[in-house]
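Within every chain, numbering begins at 1; the chains are lettered A, B, ... in the order of the sequence lines, protein sequences first and strands thereafter.
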Amino acid sequence: MSKLLAATRILPRRFYGAETTTVARSLIGCVLRHGETSGMIVETEAYLRDGDRASHFWRGITPRTKVIFGPPGHAYVYFVYGMHECFNVVTEPDGVPGAVLIRAIEPLTGLAKMATRRYGSRDGIPSLHALTNGPAKLAEALAITRAHNGCRLDQGALTIRQWRSSEPIEIDITTRIGVSHSEDLPLRYVWKLNPFVSRQAIHRSADPSLF
DNA sequence: CAATAGATCATCT
DNA sequence: GATGATCTATTGC
């Protein structure tokens, strides 16, 4: 076991029972690990109970959203676009819905395995950051599937660990990616200037030279 | 670099 | 029957 992983400790269940926005922000800098593969969380999005039409659960409990209404600290994994799976953590107390989508990680261990899962046995990967800079990309790289839906994150093969960073992490808050409702809510948390985020936290402008 | 098309199916109306 | 918390390849400037 590497020193890197030995220095981490699994987040307790109560960590996830807090407000969804707090959990989303606090997860930045933590380590998501599945077996030999792991990465540092650099980008998250909060999905809320109140006033958030972009969430999967704003209409209430369905077979798919059932786990989101359950106790915190469990995985919510959903399938979209006929081919992609994305990983969330369930937040808020039991009975209160809330979820945080993990949008990007910085690869830490098991790089070769991740590359094989993403690109097969062909040699050479496009780039390191392209390995895990998107919710469906990191799920594939870490082999997180719908089979993990509802599993606990404080025990078993799929865990999230705290990381003692020597320096405080600078976090940018932006609107969320790819949503077509509640687009203006500032619920995306990105590690400022980290090259492994899915998109820069830079605003778009008609004049790119302004940036 | 930016914009767009196509892949492809579970979920809910 | 429409839509989607996406990704990749391709086209266009």
Side-chain angles (χ1 to χ4, degrees), chain A residues 16 20-21 23-25 27-28 32 39 41-69 74-92 97-105 107 114-122 124-150 172-190 195-211:
Chain A
Y16 302 96
T20 304
T21 52
V23 176
R25 169 187 268 275
L27 280 174
I28 302 294
L32 173 62
I41 297 169
V42 298
E43 176 179 347
T44 62
E45 281 178 358
Y47 287 84
L48 308 181
R49 171 181 62 171
D50 298 317
D52 184 6
R53 290 277 307 274
S55 83
H56 284 168
F57 50 87
W58 68 275
R59 284 179 189 276
I61 299 184
T62 69
R64 181 175 66 156
T65 63
K66 183 180 166 209
V67 64
I68 306 174
F69 287 79
H74 291 240
Y76 165 55
V77 184
Y78 68 90
F79 182 69
V80 274
Y81 297 114
M83 60 187 74
H84 298 304
E85 282 158 306
C86 298
F87 168 73
N88 297 245
V89 306
V90 173
T91 60
E92 307 280 352
V100 173
L101 172 69
I102 309 302
R103 282 198 55 90
I105 63 174
M114 292 191 207
T116 301
R117 288 168 178 159
R118 292 263 295 123
Y119 304 109
S121 54
R122 97 182 182 221
I125 62 177
S127 65
L128 182 56
H129 79 272
L131 201 55
T132 53
N133 67 339
K137 295 180 187 177
L138 73 89
E140 183 177 28
L142 294 191
I144 300 173
T145 71
R146 280 165 287 178
H148 294 97
N149 192 50
D172 277 330
I173 302 178
T174 78
T175 55
R176 294 171 295 183
I177 306 293
V179 298
S180 50
H181 294 287
S182 302
E183 300 176 30
D184 295 330
L185 297 180
L187 294 175
R188 174 170 174 256
Y189 300 83
V190 297
F196 293 91
V197 303
S198 70
R199 303 190 193 180
Q200 299 287 10
I202 306 295
H203 344 15
R204 307 186 67 177
S205 167
D207 184 358
S209 69
L210 292 176
F211 302 91

Using distance alone, with no hydrogens and no angle criterion, decide if A:Glu85 and A:Thr145 have a side-chain donor and acceptor under 3.5 Å apart.
->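 The criterion, which ignores hydrogens and geometry beyond distance, is not satisfied for A:Thr145 and A:Glu85.
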A:Asn133 or A:Gly82: which one's nearest nucleotide on DNA chain C is closer to the 5' end?
->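 Checking each residue's closest nucleotide, the 5'-ward one belongs to A:Gly82.
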Look up atom CD1 in A:Ile102 and atom CD1 in A:Ile144, then write down how far apart they are to the nearest 0.5 Å.
->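 Rounded to the nearest 0.5 Å, the CD1-CD1 separation comes out at 9.0 Å.
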Could you grab the distance from atom CG of A:Leu131 to atom NZ of A:Lys137, nearest 0.5 Å is fine?
->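 The CG atom of A:Leu131 sits 9.0 Å away from the NZ atom of A:Lys137.
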Among [options], the nucleotide that comes nearest once only the side chain of [X] is considered:
X        : options              : result
A:Met83  : C:dG4, C:dC7, B:dT8  : B:dT8
A:Lys137 : C:dT8, C:dT6, C:dG4  : C:dT8
A:His181 : C:dA5, C:dG4, B:dA10 : C:dG4

Could you check which residues of residues 53-66 of chain A get a heavy atom under 4.0 Å from DNA chain B? Sort them by number, please.
->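 Close to the strand are A:Arg59, A:Thr62, A:Pro63, A:Arg64.
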Between A:Glu43 and A:Arg188, is there a side-chain N and carboxylate O pair less than 4.0 Å apart?
->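 Answer for the salt bridge query: yes.
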A:Glu140 vs A:Arg118, salt bridge (charged side-chain N to carboxylate O under 4.0 Å, His left out): CA-CA, chis, key distance, verdict = CA-CA 6 Å; A:Glu140 183 177 28; A:Arg118 292 263 295 123; 3.3 Å; yes
Checking A:Thr132 side chain against A:Ile105 main chain: does a donor-acceptor pair fall under 3.5 Å?
->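 A pair under 3.5 Å: yes.
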Name the nucleic acid region contacted by A:Phe79, choosing base, sugar-phosphate or nothing; use a 4.0 angstrom heavy-atom cut-off, strictly under.
->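 Since only primed, P, OP1 and OP2 atoms lie under 4.0 Å of A:Phe79, the category is sugar-phosphate.
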OP1 or OP2 of C:dT8 sitting under 4.0 Å from any side-chain N/O of A:Arg118?
->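 Answer is yes, contact under 4.0 Å.
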Taking both distances under 3.5 Å as the test for a Watson-Crick or G-U pair, what stems of at least three pairs does DNA chain C have?
->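 Result, WC/G-U stems under 3.5 Å: B:1-7 with C:6-12, B:9-12 with C:1-4.
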Please check if the distance between the ring centroids of A:His56 and A:Tyr47 is under 6.0 Å.
->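 Centroid separation for A:His56 and A:Tyr47: 6.0 Å or greater.
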Starting at atom CD of A:Glu85, determine the distance to atom P of C:dC7, rounded to an integer number of angstrom.
->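 Nearest whole value for this atom pair: 13 Å.
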